[in-house]
Structure formats: C-alpha cells, structure tokens
Amino acid sequence: MLDIRRIINEKEVFLQAMANRNANLDFDKLSFLDENRRKLLGESETLKARRNAVAAERPKLLKQGQDVSSLKEEMKAVGDRIKAMDDELRNTEEELQGMLLAIPNIPDSSVPVGNDENDNAIIRTVGEPRKFDFEPKPHWEIGEEQGMLDFTRAAKVTGARFTFCRGLGARLERSVFNFMMDTHAKNGYTEIFPPFMVNRASMTGTGQLPKFEDDAFKVVNTDYFLIPTAEVPVTNMYSNEIIEELPQSFCAYSACFRAEAGSAGRDTRGLIRQHQFNKVELVKFTRPEESFEHLELMTKDAERILQLLELPYRVSLLCTGDMGFASAKTYDIEVWMPSYNRYVETSSCSNICDYQSRRLGIRYRPEQGAKPQFAHTLNGSGLAVGRTVAAILENFQTAEGNVNIPKALHPYMGMSGW
RNA sequence: GGAAAGGUGGCUGAGUCCGGUCUAAGGCGCACGACUGGAAAUCGUGUGACGGCUAACCCCGUCCGAGGGUUCGAAUCCCUCCCUUUCCGCCA
C-alpha cells in the first residue's frame, strides 16, 4: 500500500509509475475520497471535542444544582450527528482503502521501463549450458524411468499438478532443501519453520489479497488460506510491531500452495508448475536507506545455491511491466533447463520497500527515542526446490539414463564416503 | 469440542462489583538533570502509538484484546468474536 499523501503530492511521478506498470486508476476519485475523508474527520472531531467538554462539565453543574436538561437535549442531537458522520466517514475510508489496496507499488528508478519479459535486462550469466553428446531427456522422463517421480499415481490420488517423489527422488528433494537451509543459516539467516496456513489479514498484509484471491487455496470451514509462499507468514511475523534491531534476516522452508488459476495448459509436464511445491524463502527487514544494498546481497545469497550445485544460470532485472504487484525492484534468477532449451525462473528476489510494512505496521526507530518509521521488507526464493531438482536431473543426466549428484549434495544423500 | 479464569501503556500492576476530576494510580525500565574525582545509590524532571490542523509549537480526536450496542457520558454495563492459561475430551 502506498502513502496517500505521497500519491497526492507527487502526482506526476505516481501517474508515470502506474503507466509504466500498465495499471489503470481513477486519480480524481482517489483525490476526492482523500479530501472528503479529512473533511468528515475534522467535522466529526469538532463535535467530539464538544461532547467531551460537556461530559466533563456536567458533574460540576449538577453539583451546583443547575438544570442540565437543555444540555442533555443538545448532546443527544450531537451524539446522533456524530454517529451519522462516523458512518459516512467509515464508508469513505473503506472505499479509499479498497482503492489503495488495488494500487501496485511504484517501481524504483533503476528498473527498466517495459511491457513484458522481453524488456527485462540480463544482468549476468554464470556457467555454461552443458553440451550433450547424446539427446538429453526432460526431467519427468528421467524421474519416471528411475522411479524417482510418479506423476500418474499422484494424479490418481489427488489430481493434476501433483507429484509423488519416491525413493532416491524423495531423498533428493529432502537433500536439496536441507542443503539450502544449512547454507543460508551459515550465512547469517535465522531459521524459521512457519505455519503453512495463515489468516486473511496476513494474506492482505503481504499483498496476496484482495486482488489475487483466485490464486490461493482457501481452507473450508475456516478463514485460513494455504500459504503460496513462506514470505506471507514470515513477513507477517512483525506486523504491528516496532522492531528493536535492524536488519533482520530469515530463511524459511515451507511447502507452497498455488491454485495456478489462468495457467491451464502451461508447463503441464514435470515439476515446473505444481499446485504444491517446496521452497526455501529468504526474508529481510531493513532500514530504508539499506534496503537496495540488501537486495543485492540477498540475490547473491540465492545465487550461491546454484553455484554450489554447479548449475548454469543467469540473473535478470525485471522491467516495470513484468514485476510483481508489491515489488519496487526484482531480480529473477533463472536456471538452465536443457529440456526447455532456455533458462527457467527458480528465484525471484524483490525489494518491497515500505509497501508491505505500511499495510502491516512494521516499524523501527531510526534512533533511540525517535518517531517510529516504516521498515523496508525484502523477500526472495532461496530457492524453489522442485525446479532445482528438475534442473539437477536434466543437467546431470548421463548417456546411460542415470543422474550424477552434485558434490555439495553428497553428504545429504548419504554419499559422504564417495 | 466442553468448563473455568483472564486480556489495561516498553514491562509489572491498581481501577471494572457500584459509569462522571481515569486527563489510567503505584512500581520497574528508559532519557535528561542534580549530587560525585568517576560511578553506584539517592533526589528531581520527563517518558506511548495513530490520525487531524500546523512552517513548527500549541491544540484537537482516537486507542484499556477486536467489533457492535446502551448512555448526555463507557477501561467500567450488555452482545458477538479472537487470543492466553488451567482442567476435561480427542489426538500425531
């Protein structure tokens, strides 16, 4: 959520940003609602001040034996007007709030302006895609042939876009996220194991609601949602708090659940687009002046995983039209996927600035005794586990149809003696 | 799921029965000052968040778990919900 005052005061910047994002909105209505809100608030508060003054005087007047029945009449009327005014005020505030929640974040000035992924900037490419001297197989074929992945039975037991990992496949999945968590923990991130369900307020706070309710799984008979990413519970940890010390860095493993509404027919085979997948998420809370620096650090921390796993990848800076709703600046890390013959997103690292913290009331004190300010929040995958497993299966496959395991994973696979 | 007791400022804790100097006591902590060679102790002063109006101060409003209601007036009375603790039931 953006600051309404900033929207009004920096109208030109704001409108340009929205245009760059291909977002439409009614600025005049926004401006009217804001003015109307303050007008109603002022009138209501004047009446309340009168009510408070009379309420304080009344006992004294009574003690002096004065007649207060006319005051009582007046106050009855004042009370009714306050009620009516507050109703109108609430409606105005709800309408304003509704509009603000539907407005995406303003892209940082370093973000390239563009419409879609074709306008993203490639920042760096690391590692060379392997040249195969045989026809490489896609990971779902390797996984099924090796008895590591079973899509057919998962479809029977649950439905499309679910997978059984089995035997070494299950072991590999577990090894990969343990390796990720260990690596991040070693690099200063505090481990979190979060709830996999959150309430509506948390989903709204991080920006998944109200706009993207169709993408979420709702648990029946409750107001809980399955988390689409650990970003939601971990960022919400500090909602309505004043954080004592910044920065704070967390890594969290979780299963993630996404309805994938609107992606019917895309990536239907394999591990790339599932309703349930594992992910290790990085979340940071920082001072505003340090957040962009931390975005670079976080991106490198995520990249480190791919380097240690010896997987070729590239990093791109998303353009204004391709960025997520809440983000001010996003780097995507894409791993080389031989079966796709292209790079596939395996991490998205974003600086949200104060967009979430304003919604959530996440604050800090610049100095002891100073007024609380909104902290900045960042999040990034570190990394998506299923896609990483897919990349390992494809990039490390042998001509015989087997798969080698990257050295970094040997201790986790029970191969420490190799 | 059932029963009971609770939820008050950064923490602790009084006030709730019986509505009105509650403008939330007292204590702890914290900040500043005095005292001191310096410190501890002691003494004094101050001590929240959010919003409105402001150049700023002042001032005003809101906040006693959340949301409604009663009333001229609600921390206090009524209703609904959430959470915590204990006991029971169930259970990995």
Side-chain angles (χ1 to χ4, degrees), chain A residues 1-9 30-101 193-205 209 218-225 233 236-246 248 254-255 354-375:
Chain A
M1 187 165 71
L2 298 171
D3 182 359
I4 181 67
R5 277 174 298 194
R6 188 174 162 208
I7 292 175
I8 303 293
N9 292 338
L30 206 56
S31 168
F32 167 77
L33 286 172
D34 176 53
E35 268 178 50
N36 200 36
R37 182 188 79 88
R38 279 182 290 121
K39 182 172 140 265
L40 289 168
L41 188 60
E43 291 172 11
S44 167
E45 286 185 354
T46 304
L47 289 174
K48 282 175 183 167
R50 168 75 181 147
R51 180 177 67 183
N52 289 344
V54 170
E57 276 303 304
R58 199 182 136 89
K60 293 175 193 166
L61 296 178
L62 277 176
K63 205 175 271 180
Q64 294 166 13
Q66 295 196 25
D67 177 32
V68 292
S69 55
S70 66
L71 264 186
K72 187 169 172 175
E73 291 280 305
E74 184 203 341
M75 285 304 106
K76 176 84 178 152
V78 166
D80 289 345
R81 277 181 62 203
I82 289 175
K83 197 169 290 178
M85 203 143 257
D86 280 351
D87 281 346
E88 201 183 337
L89 182 62
R90 192 178 314 124
N91 289 338
T92 303
E93 276 177 343
E94 272 171 19
E95 199 174 349
L96 180 61
Q97 185 77 355
M99 282 187 79
L100 286 174
L101 288 177
F193 191 89
F196 289 6
M197 296 182 210
V198 295
N199 58 32
R200 180 173 291 275
S202 296
M203 289 286 276
T204 306
L209 297 180
K218 179 88 190 294
V219 181
V220 293
N221 296 331
T222 71
D223 203 28
Y224 297 156
F225 294 83
N236 275 278
M237 275 197 309
Y238 282 118
S239 65
N240 296 314
E241 291 190 31
I242 298 173
I243 303 177
E244 296 282 344
E245 244 188 86
L246 292 177
Q248 298 269 347
S254 86
D354 62 1
Y355 188 88
Q356 288 173 334
S357 59
R358 175 170 287 105
R359 285 189 185 195
L360 287 171
I362 299 172
R363 292 163 297 163
Y364 76 105
R365 292 184 199 278
E367 286 148 42
Q368 188 169 29
K371 277 264 167 206
Q373 305 287 328
F374 290 116

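What you see is a predicted model, and the numbers here were worked out from it, not measured in a lab. Residue numbers start from 1 in every chain, and the chains themselves are labelled A, B, ... in the order their sequence lines are given, proteins ahead of strands.
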Item to check | Non-neighbouring partners of A/N199 that pass side chain to side chain donor-acceptor pair (under 3.5 Å), sequence neighbours left out | outcome: A/S202
Next on the checklist: If the condition is side chain to side chain donor-acceptor pair (under 3.5 Å), which residues does A/E95 pass it with, not counting sequence neighbours?
Outcome noted: A/K29
Item to check | Contacting residues from residues 77-100 of chain A, given that a heavy atom lies under 4.0 angstrom of RNA chain B | outcome: A/K83, A/R90
Next on the checklist: Could you tell me how far B/U76 sits from B/C87 if I compare only their C1' atoms? Round to whole Å.
Outcome noted: 30 Å
Checklist entry - With a 4.5 Å heavy-atom cut-off, do A/E94 and A/Q97 have their side chains touching? => result no
Checklist entry - Are the charged groups of A/E74 and A/R50 less than 4.0 angstrom apart, N to O? => result yes
Checklist entry - Can you tell me how far P in B/C79 sits from the matching atom in B/G6, rounded to whole Å? => result 16 Å
Item to check | Electrostatic pair A/D34-A/R5, nearest N-O below 4.0 angstrom | outcome: no
Next on the checklist: Using a heavy-atom cut-off of 4.0 Å across all strands, would you classify A/L41 as base, sugar-phosphate, or nothing?
Outcome noted: sugar-phosphate
Checklist entry - From the 5' end of RNA chain B to its 3' end, which nucleotides mark the outer limits of contact with chain A, defined by a 4.0 Å heavy-atom distance cut-off (strictly under)? => result B/G20 to B/G73
Item to check | Rounded distance [0.5 Å steps], CG in A/L360 versus CG in A/N240 | outcome: 7.5 Å
Checklist entry - Given the C1' atoms of B/G9 and B/C64, what is the spacing between them in whole Å? => result 9 Å
Next on the checklist: What I'd like to find out is whether the side chain of A/V198 reaches to under 4.5 Å of the side chain of A/M203, using heavy atoms alone.
Outcome noted: yes
Next on the checklist: Measuring only the C1' atom in each nucleotide, how far is B/G89 from B/G2? A whole number of Å is fine.
Outcome noted: 8 Å
Item to check | Presence of salt bridge, A/D86 and A/R90, under 4.0 angstrom | outcome: no
Checklist entry - Taking for each residue the nucleotide of RNA chain B bearing the nearest heavy atom, is the 5' side occupied by A/F374 or by A/R50? => result A/F374
Next on the checklist: Please report the distance separating the C1' of B/G33 from the corresponding atom of B/A75, rounded so that it comes out in whole Å.
Outcome noted: 35 Å
Item to check | Spacing of the C1' atoms in B/C78 and B/G19 (rounded, Å) | outcome: 13 Å
Next on the checklist: Both A/K76 and A/A49 contact RNA chain B. Taking the nearest nucleotide for each, which residue is further toward the 5' end?
Outcome noted: A/A49
Checklist outcome for this item: Encoded 5' to 3' (Watson-Crick or G-U under 3.5 Å; [ ] crossing; | other strand), RNA chain B becomes ((((((((.[[[..)....(.....]]]((((((.......))))))(((((......))))).[[[[[..)....]]]]])))))))....
Checklist entry - Between atom CD of A/Q373 and atom CZ of A/R365, what is the distance when rounded to the nearest 0.5 Å? => result 10.5 Å
Checklist entry - In chain order, what residues pass the side chain to side chain donor-acceptor pair (under 3.5 Å) check against A/R6, with sequence neighbours excluded? => result none
